[in-house]
Chemist: 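Handing you a structure now.
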Amino acid sequence: MPDVDTGNIPAPAPAVEAPAQFTLFSRWLHWAMAIMIVAMLFIGAAMVASLADYHLLLAVHRPLGVGVLVLGVIRLVNRFTSRLPPHPKSMGSAERRAATLSEYALYALMLSQPLIGWGMVSASGTPLKLFGPVRLPAVLPHDPGLYAVLNDMHMVLGYALFLLFTVHMLAVLFHTLVLRDRLLDRMALWKVQRKKH
Amino acid sequence: MDQEDEQAPAAQPRTPSRRSTVLGLATVAGIAAVDVGGFLYVSGRLTPGKLTPARLADGFETTFGKHAGFRRNHAKGVSVSGHFTGNGAGSAVSTATVFESGRRSPVTGRFSLSGGVPDVADTATTVRGLGLRFSLPDGEQWRTAMINIPVFLDSTPRGFYDRMLAFKKVPATGKPDPAKAAAFLAGHPETVKAMKIVKKHPPTSGFADSTYHGLNAFHLTNSSGHMVPVRWSMVPVQQARPAAAKPPEDRDQLFNTLVTTVDAGSLRWRLMLTIGLPGDQLDDATVPWPDSRRQIDAGTLTLDNVQTEAEGNGRDVNFDPLVLPQGIEPSDDPLLSARSAVYAQSFARRSGEPAGTSAVNVSQVLDA
Ligand code: HEM
Ligand code: HEM
Ligand code: HEM
């Protein structure tokens with residue numbers, strides 16, 4: 001383990017050494033999806049406020065959102081099948097619990113948001129175009145009342161996801177830039193050597 | 001996997017200096033400000049002067065009052081259904097299946113009068129609307145909302161909004177404030193020109209003998225990938241008659257006449273595709289195209305059923321002009337995206353409200 005002083009001699013890695021980082025696959029998924037989800041939040045907020053670009057932004061919003069859903073399912077499976085690095089010592093037990101809970105909430109929102117989007121377009125009775133002739137089938141019957149409810153949910157949960165993402169990002173930055181515990185390294189796309197302090 | 005169970009041997013925090021703590025905090029605060037500020041900015045919340053779909057929908061409510069459960073514009077209407085039969089001529093310019101020779105596409109439609117008052121009294125000069133949804137194979141759809149004037153009065157959504165408010169009826173007189181209307185027209189020569197063209201095309205006697213124009217330009221693509229600009233209209237097969245000189249006696253007269261004629265038989269229109277040439281205005285619906293443009297008669301619309309607005313019929317359709325099949329694409333006309341956005345607003349608002357009772361009741365008209 002890294003806190004064991006190994007001097008300059010590289011210690012043979014113990015068989016059960018806890019990882020210092022999320023797996024490479026997890027890290028790539030995290031950043032690809034972070035970009036996609038943040039883009040989705042801004043595109044969503046911008047398009048409902050834009051007369052000129054509504055159509056264009058919505059044409060990007062739909063396939064990108066479906067992409068989030070597909071990657072989100074893969075990521076959920078990956079989360080439960082891969083080994084997570086233990087939390088750093090700089091985090092107390094309450095903070096660890098909060099971090100884990102907020103991660104579950106992020107999963108819940110990143111998966112429910114595109115599902116609600118799909119459902120609401122279905123309930124509006126409009127064909128769901130992705131690109132060119134490719135369309136998704138309706139998952140709900142044409143029902144304006146249901147559309148109105150899902151449309152409200154999509155807005156409320158969209159804003160909730162924005163808030164949670166913001167808190168998540170600021171918490172990581174606080175750790176990294178203020179507490180200086182190298183929390184960001186755990187998600188870095190490159191390999192990070194454990195350092196002793 | 002549970003992160004709680006594992007001990008945490010990873011990097012220890014260095015003891016940060018005071019300076020680096022302050023710098024770190026400032027960076028975090030800066031990023032927070034950019035993130036939240038950027039989000040609020042794109043959502044239009046920091047720019048109250050920007051015309052958004054919600055503010056445009058609010059404009060209808062300011063102008064016409066808020067009528068829960070009804071469309072914010074074209075609120076008074078009746079649902080119809082029938083079919084469209086393509087004759088194959090449109091396939092020369094577009095791959096859209098709706099144009100295929102002999103293909104019969106089911107159609108749901110809605111006749112309406114413009115304005116946001118759901119029980120407004122019919123007058124000959126109120127703009128008449130026809131919304132259509134063509135159901136195509138494999139769940140594809142084509143939707144279009146057309147009106148009976150030959151050009152639109154505004155070239156931009158802002159113009160539409162400002163005109164609506166400038167021509168808002170003053171309760172005391174029942175007429176627009178002349179000063180406001182004049183001020184608007186002084187700044188909008190395109191509207192003045194369009195109004196002159198509209199004057200030259202007086203309305204016909206009713207819904208059945210009106211020509212309905214799509215007005216906005218689109219693009220058609222045929223099987224060899226060739227693209228042409230198009231505007232379309234539905235031209236009545238019924239003989240057109242001029243509107244009566246005196247105002248209708250019954251406040252629902254135009255609708256009542258429509259209901260009884262559809263009930264007695266069927267009404268038909270020819271779909272005319274007008275093919276634009278280079279230089280024709282594609283992004284300004286106030287400017288007509290020359291009469292000499294090639295016209296393609298693409299098939300016949302037959303409407304043979306009329307229903308009171310109710311669940312599942314034309315009432316529940318958002319006749320969004322950008323729900324298009326393969327083979328038809330939007331042009332750069334700024335009205336199109338704006339219409340799509342505002343119709344979605346109006347549809348979401350009315351769908352979330354208790355349904356209103358339509359002023360046009362088909363069985364009452366037929367029983368009378
Ligand atoms: C990660 C996934 C998604 C996120 C974060 C997201 C976010 C948003 C946001 C923030 C809005 C603006 C809400 C408002 O202020 O009214 C919005 C609107 C919308 N979203 Fe999504 N969305 C996602 C997925 C989808 C998907 C998959 C679809 C459809 C296939 C979809 C369809 C829509 C539509 C149609 C609107 C506009 C509704 C209107 O005009 O009122 N979204 N989305
Ligand atoms: C919408 C955007 C984002 C979402 C949905 C998201 C979601 C998540 C989730 C669910 C985890 C837990 C690991 C996993 O299961 O993948 C995580 C970890 C992490 N995220 Fe994000 N994230 C987002 C944006 C960001 C941003 C912008 C940063 C940069 C500051 C960031 C930095 C991190 C770090 C460093 C970790 C590892 C935390 C740890 O050590 O436990 N994330 N993120
Ligand atoms: C920026 C300009 C325009 C705005 C803001 C606007 C706004 C609206 C709104 C809010 C509705 C109600 C939608 C619903 O709840 O389903 C509507 C309906 C309608 N509009 Fe427009 N419109 C515009 C331009 C046009 C043009 C150019 C046409 C004709 C070519 C048109 C024809 C119609 C028709 C026929 C309906 C009734 C459709 C139905 O029965 O649902 N509009 N409009």
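Worth saying up front: this structure is predicted, and the values here are computed from it rather than measured.
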Chemist: In terms of heavy-atom proximity below 4.5 Å to chain A, should B/Asn318 be classed as side chain, backbone, both, or neither?
Modeler: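 Nothing of B/Asn318, per the 4.5 Å heavy-atom cut-off to chain A.
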Chemist: Select, from B/Ile31, B/Thr21, B/Leu23, B/Val28, the one with the greatest count of heavy-atom pairs under 4.5 Å involving chain A.
Modeler: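 Answer, by heavy-atom pair count under 4.5 Å with chain A: B/Val28.
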Chemist: What part of A/Val178 gets closer than 4.5 Å to chain B, counting heavy atoms only: side chain, backbone, both or neither?
Modeler: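 Answer is both: backbone and side chain atoms of A/Val178 are under 4.5 Å from chain B.
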Chemist: Taking side chain as everything from C-beta outward and backbone as N, CA, C, O, which of these in A/Tyr147 sits under 4.5 Å from a heavy atom of chain B? Side chain, backbone, both or neither.
Modeler: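 Just its side chain gets close to chain B.
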Chemist: Quick one: pull up OG in B/Ser43 and OH in A/Tyr159 and give me the separation to the nearest 0.5 Å.
Modeler: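 Answer rounded to 0.5 Å: 4.5 Å.
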Chemist: Does the A/His142 side chain pair with the main chain of B/Asp316, one donor and one acceptor, at a distance under 3.5 Å?
Modeler: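 Looks like yes, one N/O pair under 3.5 Å.
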Chemist: Give a yes or no on this: more than 12 heavy atoms of other residues, nucleotides or ligands lie within 6.0 Å of atom CG of A/Asp152.
Modeler: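 Enclosed: over 12 neighbouring heavy atoms sit under 6.0 Å from CG of A/Asp152.
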Chemist: Looking at B/Glu61, I want to see if its CD is surrounded by more than 12 non-hydrogen atoms of other residues, nucleotides or ligands under 6.0 Å.
Modeler: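 Yes, CD of B/Glu61 has more than 12 neighbouring heavy atoms, counting only those of other groups under 6.0 Å.
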Chemist: With only heavy atoms counted, which part of A/Met91 is less than 4.5 Å from chain B, the side chain, the backbone, both or neither?
Modeler: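 Neither part; nothing is under 4.5 Å.
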Chemist: Let me know if B/Pro157 has heavy atoms under 4.5 Å from chain A in its side chain, its backbone, both or neither.
Modeler: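 The answer is the side chain of B/Pro157.
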Chemist: Just give me the residue among B/Ala338, B/Pro53, B/Ala348 that pairs up with chain A most often, heavy atom to heavy atom, under 4.5 Å.
Modeler: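 With the most close heavy-atom pairs to chain A, the winner is B/Pro53.
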Chemist: Check whether A/Asp185 gets within reach of chain B through its side chain, its backbone, both or neither, counting any heavy atom under 4.5 Å.
Modeler: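 Contact with chain B is absent: no heavy atom of A/Asp185 under 4.5 Å.
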Chemist: At a heavy-atom separation under 4.5 Å, does B/Val323 approach chain A through its side chain, its backbone, both, or neither?
Modeler: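 For B/Val323, the contact with chain A is made by the side chain alone.
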Chemist: Can you find a heavy atom in the side chain of A/Thr166 that is under 4.5 Å from one in the side chain of B/Val36?
Modeler: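 The answer is yes, as the side chains (C-beta and beyond) meet within the 4.5 Å cut-off.
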Chemist: Hey, are the side chains of B/Leu322 and A/Tyr54 touching, using non-hydrogen atoms and a 4.5 Å cut-off?
Modeler: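 No, their side chains stay 4.5 Å or more apart.
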Chemist: Counting N and O atoms only, with roles assigned by atom type, does the side chain of B/Lys50 sit under 3.5 Å from a partner on the main chain of A/Ala49, one being a donor and the other an acceptor?
Modeler: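 Yes, the answer is positive, given that a donor and an acceptor are paired below the 3.5 Å cut-off.
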Chemist: Most heavy-atom pairs under 4.5 angstrom with chain A, which of B/Val342, B/Thr27, B/Leu40, B/Asp138?
Modeler: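 The candidate making the most pairs under 4.5 Å is B/Asp138.
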Chemist: Does any heavy atom of chain A fall under 4.5 Å from the side chain of B/Arg45, the backbone, both, or neither of them?
Modeler: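 Contact with chain A is through the side chain of B/Arg45 alone.
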Chemist: Examine distances only and state if a side-chain atom of B/Thr52 and a backbone atom of A/Ser50 form a donor-acceptor pair shorter than 3.5 Å.
Modeler: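 No; judged by distance alone, with no hydrogens or angles, the pair does not exist.
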Chemist: Can you see which heavy atom on B/Gln141 is nearest to which on A/Gly125, and at what distance?
Modeler: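 For B/Gln141 and A/Gly125, the tightest heavy-atom pair comes out as NE2-O, 3.3 Å.
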Chemist: Do you know which of A/Ala45, A/Pro144, A/Ala46 has the most heavy-atom pairs with chain B at a distance under 4.5 angstrom?
Modeler: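 Looking at each of A/Ala45, A/Pro144, A/Ala46 in turn, A/Pro144 comes out on top.
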Chemist: Is it the case that the side chain of B/Ser351 and the backbone of A/Ala148 share a donor-acceptor pair, with hydrogens and angles ignored and the cut-off at 3.5 Å?
Modeler: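 No.
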Chemist: With only heavy atoms counted, which part of B/Leu56 is less than 4.5 Å from chain A, the side chain, the backbone, both or neither?
Modeler: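 For B/Leu56, the side chain is the part near chain A, not the backbone.
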Chemist: For B/Ala355, is it the side chain, the backbone, both or neither that has a heavy atom under 4.5 Å from a heavy atom of chain A?
Modeler: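 Neither part.
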Chemist: Can you say whether B/Arg143 sits under 4.5 Å from chain A via the side chain, the backbone, both, or neither, judging by heavy atoms?
Modeler: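 For B/Arg143, the contact with chain A is made by the side chain alone.
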Chemist: Do A/Phe42 and B/Asp35 have side chains that get closer than 4.5 Å, going by heavy atoms?
Modeler: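 SC-SC contact between A/Phe42 and B/Asp35 confirmed.
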Chemist: Do A/Pro127 and B/Glu140 have side chains that approach each other closer than 4.5 Å (heavy atoms only, starting at C-beta)?
Modeler: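 The answer is no; the side chains never approach within 4.5 Å.
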Chemist: Using a cut-off of under 4.5 Å on heavy-atom pairs, state which of A/Phe174, A/Phe162, A/Phe165 scores highest against chain B.
Modeler: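 That would be A/Phe162.
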Chemist: Given that the side chain runs from C-beta out, which part of A/Leu183 has a heavy atom under 4.5 Å from chain B: side chain, backbone, both or neither?
Modeler: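 Nothing of A/Leu183, per the 4.5 Å heavy-atom cut-off to chain B.
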Chemist: With only heavy atoms counted, which part of A/Ser124 is less than 4.5 Å from chain B, the side chain, the backbone, both or neither?
Modeler: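 Both the backbone and the side chain of A/Ser124 come within 4.5 Å of chain B.
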Chemist: Please look at B/Asp320 and chain A and tell me whether the side chain, the backbone, both or neither of the residue comes under 4.5 angstrom of a heavy atom of that chain.
Modeler: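 No part of B/Asp320 comes within 4.5 Å of chain A.
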Chemist: Heavy-atom distances under 4.5 Å only: say whether B/Val22 touches chain A with side chain, backbone, both or neither.
Modeler: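 For B/Val22, no heavy atom lies under 4.5 Å from chain A.
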Chemist: What's the spacing between B/Ser340 OG and A/Leu56 CG if we round to 0.5 Å?
Modeler: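 If we round to the nearest 0.5 Å, B/Ser340:OG and A/Leu56:CG are 11.5 Å apart.
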Chemist: To the nearest 0.5 angstrom, please state how far the CD atom of B/Gln326 sits from the CZ atom of A/Arg135.
Modeler: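 That separation rounds to 7.5 Å.
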Chemist: Could you tell me which portion of B/Glu353 (side chain, backbone, both or neither) has an atom closer than 4.5 angstrom to a non-hydrogen atom of chain A?
Modeler: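 Contact with chain A involves no heavy atom of B/Glu353 at all.
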Chemist: When you compare the side chain of B/Leu336 with that of A/His55, does any pair of heavy atoms fall below 4.5 Å?
Modeler: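 Sidechains of B/Leu336 and A/His55: no contact.
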Chemist: Would you check if A/Leu51 and B/Arg158 make a side-chain contact, meaning some heavy-atom pair closer than 4.5 Å?
Modeler: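 A/Leu51 does not reach B/Arg158 side chain to side chain.
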